[in-house]
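Notes follow once the structure below has been shown.
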Amino acid sequence: MEITDALPAPTTTSVRLGANQYGKAEVRLVRVTRDSDRHEIEDLTVTTQLRGVALADSYTEGDNGKVVATDTQKNTVYAFAKEHGVGTPEEFLLRLGRHFTTAFDWYDGATLSAEQHSWERIAVDGREHDHSFVRAGRGTRTAVVQVDGEDVHVLAGVTDLTVLKSTGSEFHGFPRDGYTTLAETDDRILATSVTARWRYTPEAVAAGIDYDAVYAGVLDRMLATFADLHSLALQQTLFAMGRTAIEAFPEIAEVRFSMPNKHHFLVDLAPFGLENPGEVFFAADRPYGLISGTVVRDGVADAPAAWASVPAFV
Ligand SMILES: O=c1[nH]c(=O)c2[nH]c(=O)[nH]c2[nH]1
């Protein structure tokens with residue numbers, strides 16, 4: 001049998017384009033308002049979806065004459081954040097929706113959606129910090145108990161403790177080679193999602209620990225240190241956060257951290273005739289720097305059994 005015999009006979013099947021829409025999904029927008037030393041941050045994930053019968057040709061013929069590029073839609077989100085501010089997600093989306101459907105009158109409709117990521121100011125000594133924030137919810141508390149023969153180890157911790165400071169962070173002085181493009185900076189956003197686990201000393205475990213109180217105290221001190229330390233690198237912030245926990249609580253033997261460096265890139269608004277002096281950022285989700293480290297109280301014995309099967313660093 002020849003191969004051609006196996007092909008179906010030609011038919012008169014016809015197809016048509018059904019419902020469709022297109023746009024940019026999950027535009028990560030962070031807007032810093034820095035009119036005074038007390039910064040405000042607004043953080044949205046925005047999705048634009050545009051529709052119109054006139055768009056059919058783009059699907060059926062490859063005719064892009066009426067296709068406002070999804071890249072343009074993304075730029076519009078950032079430029080509008082600069083030009084008009086953000087405000088409520090509803091009003092921000094209304095502005096975008098009106099723009100797309102009036103500036104390009106062939107669009108019959110649009111679906112604009114947003115998730116708002118809520119931040120609270122970090123409180124330091126009862127005072128709300130001007131430019132350091134923690135995601136509402138303050139992370140998830142974790143605990144591990146290891147029984148190893150007669151020994152009992154207790155690890156406490158937190159994960160997804162997402163923090164951001166809109167200034168008070170620099171990064172420079174790093175080696176440059178032929179592959180280095182990163183610009184040195186003396187003012188950047190520093191943001192991370194802290195995973196920390198701390199081990200209590202066996203003596204403290206035996207004597208009894210007010211686990212709730214230490215957990216709350218460790219979080220308060222770590223957050224205050226994140227807020228107050230003028231950071232030269234996330235590595236430096238990590239060490240200082242571990243140090244403050246160990247200094248404040250004699251029950252703690254060591255702290256292990258994993259901290260993704262959640263990069264925020266300044267959006268280049270110059271092509272749209274707009275300046276961007278540290279106000280509108282693209283919050284990238286990957287790749288991210290991953291900074292891990294352990295801070296250890298001098299003089300305490302190592303306890304490898306405490307960490308068995310617990311990832312040292314995530
Ligand atoms: O705080 C930082 N530490 C790094 O090691 C690093 N590397 C990088 O590209 N940016 C940063 N930021």
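One-based numbering, in listed order, for ligands and for the atoms of each.
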key: Candidate pair Arg16 and Thr60, rule side-chain contact (heavy atoms from CB on, under 4.5 Å), full reasoning   = CA-CA 9 Å; Arg16 66 184 172 81; Thr60 58; over 6 Å; no
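Just one residue in the list Glu254, His153, Gln146 forms a side chain to side chain donor-acceptor pair (under 3.5 Å) with Trp307, and that residue is Glu254.
The aromatic ring centroids of Phe80 and His99 lie less than 6.0 Å from each other. Checked against a 6.0 Å centroid threshold, the rings of Phe272 and Tyr78 do not count as neighbours.
Relative orientation of the Trp198 and Tyr200 rings is perpendicular, given thresholds of 30° and 60° on the angle between their planes. The aromatic rings of Phe100 and Phe104 lie parallel to each other, their planes meeting at an angle below 30°, with 60° marking the opposite boundary.
Sorted by chain and number, the heavy-atom contacts of ligand 1 below 4.0 Å come from Phe171, Leu182, Arg188, Ala233, Leu234, Gln235, Asn261.
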